[in-house]
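The next block holds one structure in the form of structure tokens; read it before the comments.
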Protein chains: 2
Amino acid sequence: MLTDRQLQVLKVIVDDFVETAQPVGSRNIAKKEEITFSPATIRNDMADLEELGYLSKTHSSSGRVPSEKGYRYYVDNIMSPLKLSSREVNQIQHSFSERMMELERVMQNSAHILSELTKYTTLVLGPQVYETKLKQLQIVPINQQSAIAILITDTGHVEHRSFAIPADLEQSDLEKTVNILNERLSGVPIIYLDHLIKSEVKYLLQKYTNDFEKSYQLLNQALFTEQPTNLYVSGKTNILSQPEFADVDKIRSLFNIMESEEKMAPILKSEDEGMHIYIGHENKIEAMNDCTLITATYSLGENQVGTIALLGPTRMDYAKAVSILDMWSGQMTNTLKKWFNEQ
Amino acid sequence: MLTDRQLQVLKVIVDDFVETAQPVGSRNIAKKEEITFSPATIRNDMADLEELGYLSKTHSSSGRVPSEKGYRYYVDNIMSPLKLSSREVNQIQHSFSERMMELERVMQNSAHILSELTKYTTLVLGPQVYETKLKQLQIVPINQQSAIAILITDTGHVEHRSFAIPADLEQSDLEKTVNILNERLSGVPIIYLDHLIKSEVKYLLQKYTNDFEKSYQLLNQALFTEQPTNLYVSGKTNILSQPEFADVDKIRSLFNIMESEEKMAPILKSEDEGMHIYIGHENKIEAMNDCTLITATYSLGENQVGTIALLGPTRMDYAKAVSILDMWSGQMTNTLKKWFNEQ
DNA sequence: AATTAGCACTCGAAGATATTGAGTGCTAAC
DNA sequence: GTTAGCACTCAATATCTTCGAGTGCTAATT
């Protein structure tokens, strides 16, 4: 168990190092207002803290630097929530302004604003579509060979895909197909679409259209070709300003991960709701071993959960990051509740 | 005027430097198969070429490096088109495969593949919409407060925007508005929409709907709020592998530009069609002063011109870059012609 | 007259050596 | 338990040396 003084020393070291990115020496600690004891005393405490694994040195005669364990302790036991400035609060609220009626825009905007406020990289993963329901399906022919399928969900999400119309498909069959689909599929959760089409709609099509095979094939092509983008990243370049990322190789491997939705999505998805902090090697991906990732979930409806995350160096302003994510979560939940109850 | 031998020396220096990124010395040049004279002779030529401004040294006893003027001369007078490997040809053709019916996808895909092939950054600027015509306008209500407007153009481009429905707008007015719009605006070039609405449609709305003011306001809100994204960038991280971008500050300023459509679009748009090569300080933006930008236009229809560009260090494999862009342009033009004639 | 061999010279890169100063750990005094 | 004092450590920085790839110039060769 740490003494009060040790705790205080650890806090000062983390705070100072987060700010300056330089190892913190005993003399500098002693200079702080809140510190009332001498450098020698502090040195003793630091030696203890180092033995316990909360601090480390960059070399034998350097000042101390928080270890990952030290950050962990700071996050779990020391840091206190920060009061955000009114400017920060305003900006966050602004990203939920009324004119933003689309989830996509809200996410994009939030990512942008949070990365501005924190100077870290913000990642927003859209909600999984477990419960999203199909509102309407439309097919708009463009020319003889191609048409566009437009899916609209009850959350206001619009998805469109163009596809080739089989050459020998009759116009009437196309129309019938669309009618059947709209009739049978409206209100159905997206996730069941595939199943429902395979079971029920298939027979309807077979019954009412002349060229079932073509219609069915077309349908599959139009609806199930590709996963839509669901990851919004903003402020990637902020990472470049951090002194720990002076190495171009590091930057490259990190950027490669962030640009790939497949790699990033599983990292962001967490089993349970709420906030999670992954410090350094707590991140399973090697390229992120000197980063901290803070994730927070937001939910719309019952089972739809999305994630927002901040990515920065382990030397992160944890209190600020957490407070800002917290603020955002609250606003987001409010907005979505209002939004959902209204419709 | 350069002698044949000087020309040959310049060519070897550019080719070698592009490959190795190291200053080229006379001994190394003499070792090349195609070179039949001694280092001393080459040194004399190099001294002349330097005096003429085509070469420079990194320090007084280093080998030579092409200057921007040297690259310019190489591009204008020396380099010969490269025959692409069948792998490269295949990959480019693949990005135009039949299933890609949407311009957006083609652009995204092309950007990706070209950056893979060249290891430079690829930027694709979508065509300006001067001539694109509105095919269909649909308005899909999501709930009491909001709806989504979907614009489909004759090029298969789909644009959607959600907007708030004024609280006191009657349902019937909304429907009437949409009907009027579809009737009057189909086939109209997007660029004239605004004008046509202000002149003609305005009166129709006034005549047939109860709450003209609301309908009109809604219309403006739905159609003219924001410019759609039109810039696709791929392979930004490729730049990180180039030795000339070891400096993080350089990277940052370059990334900042590439991430901003407002900054990038005017650079990419060129007055006239065809290929343009901007070497080093020929780029007006300071951050790009040690880059080369090669732009090529592609066109669909009569007046619609888009741009594709490769961005790399001035030490670029010009022959390859030009050949690949050339290949792509040809394919793109073909594809679009076929596409347009069919509809 | 053009080309080439020969040679002194230049200068960056890489390694070795000295200097400085911020910081530590330990011991003894308070 | 706390602190002053002091010897010690080591990264950062500067200075010097060595090495070699490269040059420019001059004189010899073709």
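Note that the structure is a prediction, hence the values are computed from the model and not measured.
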Within this structure, what is the [atom1]-to-[atom2] distance between [X] and [N], rounded to whole angstrom?
X: A:Asp16; N: C:dG23; atom1: CG; atom2: P; value: 10 Å
X: B:Leu55; N: D:dT23; atom1: CG; atom2: P; value: 11 Å
X: B:Ile13; N: D:dG22; atom1: CD1; atom2: C1'; value: 13 Å
X: B:Gln22; N: C:dG12; atom1: CD; atom2: P; value: 15 Å
X: A:Arg64; N: C:dA22; atom1: CZ; atom2: C1'; value: 13 Å
X: B:Ile42; N: D:dC25; atom1: CD1; atom2: P; value: 18 Å
X: A:Ile29; N: C:dA22; atom1: CD1; atom2: P; value: 16 Å
X: B:Met46; N: D:dG24; atom1: CE; atom2: C1'; value: 11 Å

Base C:dG6 paired with B:Arg43 side chain (donor-acceptor, <3.5 Å): yes

Any N/O donor-acceptor pair, A:Ser61 side-chain to D:dT9 base, under 3.5 Å: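 Donor-acceptor pair under 3.5 Å: yes.
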
I would like to know whether A:Tyr71 and A:Phe17 meet ring-ring contact (aromatic ring centres under 6.0 Å, His included); could you show each step before the answer? CA-CA 11 Å; A:Tyr71 284 125; A:Phe17 184 65; 7.0 Å; no

Counting only side-chain heavy atoms from C-beta out, which of [options] sits nearest to [X]?
X: A:Thr41; options: C:dT4, D:dT3, C:dG25; value: D:dT3
X: B:Ser60; options: C:dC11, C:dG25, D:dG22; value: C:dC11
X: A:His59; options: C:dG25, D:dT3, D:dC10; value: D:dC10

Is the B:Phe255 to A:Phe255 ring centre distance short of 6.0 Å?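 For B:Phe255 and A:Phe255, the ring centres are under 6.0 Å apart.
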
Counting only side-chain nitrogens and oxygens, does [X] get under 4.0 Å of the OP1 or OP2 atom of [N]?
X: B:Lys31; N: D:dA21; value: no
X: A:Arg5; N: D:dT2; value: yes
X: A:Lys57; N: C:dG25; value: yes

Contact class for B:Asn28 vs. all strands (heavy atom < 4.0 Å): base, sugar-phosphate, or nothing? sugar-phosphate

If we check side chain to side chain contact (heavy atoms under 4.5 Å, CB included) with A:Ser115, which of these qualifies: A:Val233, A:Asn238, A:Leu123?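 Running side chain to side chain contact (heavy atoms under 4.5 Å, CB included) over A:Val233, A:Asn238, A:Leu123 with A:Ser115 returns exactly one hit, A:Asn238.
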
Toward the 5' end of DNA chain C, by each residue's nearest nucleotide, B:Asn44 or A:Gly25: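 Its nearest nucleotide being more 5', the pick is B:Asn44.
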
Is B:Asp290 salt-bridged to B:Arg315, going by a charged N under 4.0 Å from an acidic O? no

Within the distance-only criterion (no hydrogens, no angle test), does the side chain of A:Gln6 pair as donor or acceptor with the backbone N or O of A:Thr3 below 3.5 angstrom?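 Between the backbone of A:Thr3 and the side chain of A:Gln6 there is a qualifying donor-acceptor contact (under 3.5 Å).
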
